[in-house]
Amino acid sequence: MNPIAALYRLQEIDTTWDKIRRRILQLQKFSGGSPELVRARERVQAVDAELQKTRKEQQDAEMESASLSERIIESDKLLMGGQVRSPKELEALQSNLESMRRHKGGLDDRSVEAMVKADEIARRLAEQSKELNSQESEWQAKEQAIEEELVKRKKEYLYLKTLREQAIATIEGKLLEQYEYLRGRKNGVAVAKLDNDTCTACHMQVPVGVIAHVRQGDGLVSCTACGRILFAE
Ligand SMILES: [Zn+2]
């Protein structure tokens, strides 16, 4: 194989290799779930956390209210029992009792409020969980296809890597450097095929003298317009 043909073959391998690499990255990005699914999962988690927090608030208010109830009953007994006689003490007891009753009233309000709020959140959570479940099962079917394609693409990737190593082994170092240099600067196309008298990469006409050189295949000939290495079959 002449060196330019070998270079052209290398470019075909590299182009396919790049495509597969991009596809693998794309597939890997999706393998944890689509962005919508990830967002839906996060939403359900957030609503669930909100529900737990609201239920905890309700429980705390209920517990505090229950313990206040006991203290109110005790104070009531004390007040009604007749053991406390000093007007000052009685007044303090009475005032404390009223304050506890007010506080308990506030706690009971909070508890009811939290309960109503928790019910509303639980309804929302049930709705969103149902939606998420259907998204998850839809995803499972897609995920299998993605996993299967990933396995296939990884195999292709490795196969092309081997092909590339074999192709490179036959190409002279200087030529390879020129190829890499051009590929990096010319949108991944270092070697351009001649189509009659036109460069297929930049679509400019190539001078007759240059074409003759390319056809002889006796070394590196550049397109006078775009600088790519010209190749004639
Ligand atoms: Zn050109």
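These numbers come from the heavy atoms of this one structure, side chains and all, not from hydrogens, waters or symmetry mates. Residues take their numbers from the sequence shown, with the count starting at 1. The structure displayed is predicted, hence computed values, not measured ones. Read the numbers this way: they start at 1 and go in the same order the structure lists the ligands and their atoms.
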* If you draw a sphere of radius 2.8 Å around the Zn ion (ligand 1), how many protein N/O/S atoms end up strictly inside it? ->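 For the Zn ion (ligand 1), protein nitrogen, oxygen or sulfur atoms under 2.8 Å: 4.
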* Steps toward side chain to side chain contact (heavy atoms under 4.5 Å, CB included) verdict (L10, L176) -> CA-CA 10 Å; L10 175 63; L176 203 59; 3.5 Å; yes
* Would you sort out whether I146 and W139 count as a side chain to side chain contact (heavy atoms under 4.5 Å, CB included), showing the intermediate values? => CA-CA 10 Å; I146 286 177; W139 168 246; 3.7 Å; yes
* Under the 6.0 Å and 45° cation-pi test, does R185 pair with Y181? ->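 Yes, a cation-pi geometry.
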* Drop me the distance from L37's CG to K142's NZ, to the nearest 0.5 angstrom. =>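 Here the rounded value is 9.0 Å.
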* **Summary of side chain to side chain donor-acceptor pair (under 3.5 Å) pairs that have at least one residue in residues 221-233, sequence neighbours excluded** =>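 Only K193-E233 qualify under side chain to side chain donor-acceptor pair (under 3.5 Å).
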* Could you please spell out the steps behind the side chain to side chain contact (heavy atoms under 4.5 Å, CB included) verdict for L194 and T200? => CA-CA 6 Å; L194 259 185; T200 52; over 6 Å; no
